Amino acid sequence: MRERNAIVFAAVCQIPPGRVATYGQIARISGLGRLARQVGYALNALPEDSEVPWHRVVNARGEISQRSAAGSESESLQRLRLEAEGVRFDARGRIDLGEYSWDAAR
DNA sequence: AGCGTGACGCAGG
DNA sequence: ACCTGCGCCACGC
């Protein structure tokens, strides 16, 4: 496993339940600057049985990012997990970041 | 070693 | 508020 990924995973683990963080936030927190894409790449390499709360990571628009891998149900799983934590989605399938985004400085 | 690709973000229009 | 284009950079061919 690449060392970068481990750093990203550690950052994701900081996100408290019921809150979400954007890829950009994770990138910054983990010292990757603005390399949000790398965060996505890292999560892609994340094993499913991992304890990392990857479902709390959404894009800057407050929506669940589409996987390229078709047939993967991780997207719906992500939404289910978030809703289970109390995160609400609007009719367009978006999250109100103003209310649920995680304040990184914590 | 070059090229396309991608769980993104931001500036423009 | 929505759609497009461009930048970023690690990976796999």
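Chain letters run A, B, ... following the sequence lines, proteins first and then strands; every chain starts at 1. As the structure is a prediction and not an experimental result, all values here were calculated from the model. Computation of the quantities below employed the complete heavy-atom set of this structure, encompassing side-chain atoms and omitting hydrogens, waters and symmetry-equivalent molecules.
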Return the set of residues passing side chain to side chain contact (heavy atoms under 4.5 Å, CB included) with A:Asp49 (not counting sequence neighbours), or none when no residue passes.
-> A:Pro47
Side chain to side chain contact (heavy atoms under 4.5 Å, CB included) partners for A:Arg37, two or more places apart | none
Can you pull the contact range of chain A along DNA chain B, 5' to 3', using atoms under 4.0 angstrom from its heavy atoms?
-> B:dG6 to B:dG9
What residues form a salt bridge (charged side-chain N to carboxylate O under 4.0 Å, His left out) with A:Glu85, not counting sequence neighbours?
-> A:Arg56
Share the residues that join A:Leu97 in a hydrophobic cluster, the rule being Ile, Leu, Val, Met, Phe, Trp or Tyr side chains under 4.5 Å apart at the heavy-atom level.
-> A:Val20, A:Val58, A:Ile64, A:Leu82, A:Val87, A:Phe89, A:Ile95, A:Tyr100
What residues in residues 76-88 of chain A put a non-hydrogen atom under 4.0 Å from any atom of DNA chain C?
-> none
For DNA chain B, determine which residues of residues 21-33 of chain A have any heavy atom closer than 4.0 angstrom to one of its atoms, and list them numerically.
-> A:Thr22, A:Tyr23, A:Gly24
Got a salt bridge between A:Glu75 and A:Arg79, using NZ or NE/NH1/NH2 to carboxylate O under 4.0 Å?
-> no
Sorted by chain and residue number, the side chain to side chain contact (heavy atoms under 4.5 Å, CB included) partners of A:Ala27 (sequence neighbours excluded) come out as A:Leu32, A:Val39
Evaluate the side-chain proximity of A:Gln38 to A:Tyr23: yes if any heavy-atom separation is below 4.5 Å, no if none is.
-> no
Hits for side-chain hydrogen bond (donor to acceptor under 3.5 Å, both in side chains) against A:Gln78, two or more places apart or cross-chain, chain-then-number order -> A:Arg67
A:Arg81 meets the side chain to side chain contact (heavy atoms under 4.5 Å, CB included) criterion, sequence neighbours left out, with A:Trp54, A:His55, A:Leu77
For nucleotides 3-8 of chain C, 5' to 3', base contacts (B), sugar-phosphate-only contacts (S) and non-contacts (-) with protein non-hydrogen atoms under 4.0 Å give ----BB
With A:Arg61, which residues qualify under side-chain hydrogen bond (donor to acceptor under 3.5 Å, both in side chains), at least two apart?
-> A:Glu63
